[in-house]
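For ligands, and for the atoms within them, numbers begin at 1 and follow the listed sequence. Throughout, residue positions are numbered sequentially from 1 according to the sequence presented. All figures in this text were calculated on a predicted structure; none of them were measured in a lab.
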Amino acid sequence: MSHSKPKRIILDTDPGIDDALAILLALASPEVQLEAVTVTSGNCPMDQGVINALSVLELAGAGHVPVAAGVPVPLIQPLLIAAETHGTTGLGYAKLPPPQQRPTDQHAVDLLIERIMAAPGEITLVAVAPLTNIAMAIRREPRIIQAVHEVIIMGGALLFQGNTTPVAEFNTYVDPHAAYMVYHSGMPMTLVPLDVTYQCIFRQADVDRLLKIDSPITRFIADSTKFYMEFHDEYQDIEGCVINDPVALALAFMPDLVETRRLHITVDIHSEVSLGNTIGDFYKAWQKPPNMQAALKVQPRRFLDLFVERMEQLALHQN
Ligand code: BDR
Ligand code: CA
């Protein structure tokens, strides 16, 4: 049996119910080592997101993982948050104790740059929020483009409808200009759009299975996703909830969960009606080289089984 070194990851996030689940999946997965969590605004305002990140880490006994606050507003657009999707605190009906730890004094953008430059080729960045922090980091220290191992981005909707406007996905819509900068930066990137995440629906049966283990972690997952499921039922007629961000996290250690295609992908930053639309040039009409690979097919059951099993292990480990 081979024991390769865990992949070193930094999670850039706006926690957020599915962001919290991505944090838990990272902590439950021995294939990765969560080195830091960087936060921006999105699902909730950044200050609240920082508290949520710290509380979720502490829930899983990982209060040692540094959390850094980043850029609190999008580059150009006014801030849009998603209280109807994630609740006013960002974590649905879940109530976690206030965190014991504090965020780092270091700004998230500086932390990203320092960690990536200190270990060229080693850090995988999993970005599951508006790309504001990443865009700022690129501008401030462009050498991270070569130094980062890989960037896995949850965002966009290619051949799938948007979840925020008819054509735009939330993370891309909140900061389309940051997304544009990152997409055209030249970093090695994998995009995880709604095309695949909307196949990964976490249902009440999964919650019931988890609740067979009585623990703060399983109760947190049940309470937070209850709100998220109500949102999906009311606004999207979906039974269950789409857990986007853990799909991106899982790809850091299980890339064959998805089928990818190399494409030239851009973001509409000009038009009002389709602002934040992510456009993939499937037929090479623009004759531009691919700038990333995009996940277009996923094995949903395999992902959901992985997710539920890992949450069970985390909960049992804690009890
Ligand atoms: C993305 O937007 C947020 O609501 C989720 O946390 C996820 O990162 C899905 O569009
Ligand atoms: Ca998110």
Side-chain angles (χ1 to χ4, degrees), residues 10-26 37-46 48-50 52-53 56 67 70-71 74 77 79-92 94 108 125-134 151-158 160-176 178-179 182 190-202 221 224-225 227-232 234-236 238 240-251 267 275-278 294-295 298 303 307:
I10 298 179
L11 184 68
D12 187 69
T13 172
D14 57 336
I17 296 167
D18 59 332
D19 301 75
L21 302 182
I23 293 174
L24 294 179
L25 182 60
V37 173
T38 53
V39 181
T40 187
S41 298
N43 292 323
C44 59
M46 187 181 68
Q48 181 66 49
V50 166
N52 294 348
V56 171
V67 173
V71 184
Q77 289 294 107
L79 177 60
L80 172 78
I81 60 163
E84 73 291 349
T85 315
H86 296 263
T88 44
T89 66
L91 296 178
L125 190 52
V126 182
V128 297
L131 289 166
T132 322
N133 284 339
I134 317 297
V151 189
I152 303 173
I153 299 170
M154 192 283 122
L158 292 173
F160 202 81
Q161 66 270 31
N163 61 354
T164 303
T165 77
V167 295
E169 179 278 332
F170 181 77
N171 291 337
T172 318
Y173 185 74
V174 170
D175 200 339
V182 173
T190 300
L191 191 71
V192 186
L194 301 184
D195 307 59
V196 290
T197 64
Y198 263 65
Q199 313 307 315
C200 299
I201 299 177
F202 182 71
I221 295 171
S224 58
T225 57
F227 187 95
Y228 208 28
M229 286 184 191
E230 287 172 4
F231 162 81
H232 282 83
E234 187 179 337
Y235 288 82
Q236 300 181 349
I238 290 173
C241 58
V242 180
I243 50 172
N244 309 276
D245 295 345
V247 181
L249 195 288
L251 296 191
V267 186
L275 186 71
N277 183 14
T278 43
V298 64
F303 163 73
F307 178 75

With backbone taken as N, CA, C and O and side chain as the heavy atoms from C-beta onward, which portion of [X] lies under 4.0 Å from ligand 1: side chain, backbone, both, or neither?
| X | result |
| --- | --- |
| V128 | backbone |
| I17 | neither |
| T197 | neither |
| D19 | side chain |

Can you tell if the side chain of [X] reaches within under 4.5 Å of the side chain of [Y], non-hydrogen atoms only?
| X | Y | answer |
| --- | --- | --- |
| T278 | P193 | no |
| N163 | Q236 | yes |
| V192 | I152 | yes |
| T85 | F170 | no |
| I153 | I134 | no |
| V56 | P15 | no |
| D18 | T197 | no |

Per-atom contacts, ligand 1 versus [X] - under 4.0 Å to a heavy atom:
| X | result |
| --- | --- |
| E169 | 1 (C), 2 (O), 9 (C), 10 (O) |
| M154 | 1 (C), 7 (C), 8 (O), 9 (C) |
| D18 | 5 (C), 6 (O), 7 (C) |
| N163 | 9 (C), 10 (O) |
| F170 | 2 (O), 3 (C), 4 (O), 10 (O) |
| N171 | 1 (C), 2 (O), 7 (C), 8 (O) |

Aromatic plane relationship, H232 with Y228 - under 30° parallel, 30 to 60° tilted, over 60° perpendicular: perpendicular

Does ligand 1 have any atom sitting under 4.0 Å from a heavy atom of D245? yes

Considering both backbone and side-chain atoms of N244, is one of its nitrogen or oxygen atoms within less than 3.5 Å of a nitrogen or oxygen in ligand 1? no

Taking distance alone, with N or O pairs closer than 3.5 Å, would you say T85 contacts ligand 1? no

Judged by atom type as modelled, is there a donor-acceptor pair below 3.5 Å linking the side chain of D19 to the main-chain atoms of D14? yes

Restricting to N, O or S atoms, which atom of D245 is closest to the Ca ion (ligand 2)? OD2

Per residue D14, nearest N, O or S atom to the Ca ion (ligand 2) is named OD1

Under 6.0 Å between ring centres: does that hold for H86 and F227? no

Geometry at the Ca ion (ligand 2) - D19 OD2 versus V128 O angle, rounded to 10 degrees: 90°

Protein heavy atom at shortest distance from atom 3 (C) of ligand 1: N43 OD1, 3.2 Å

Mind running side-chain hydrogen bond (donor to acceptor under 3.5 Å, both in side chains) on T132 and D175 for me, showing each step along the way? CA-CA 7 Å; T132 322; D175 200 339; 2.8 Å; yes

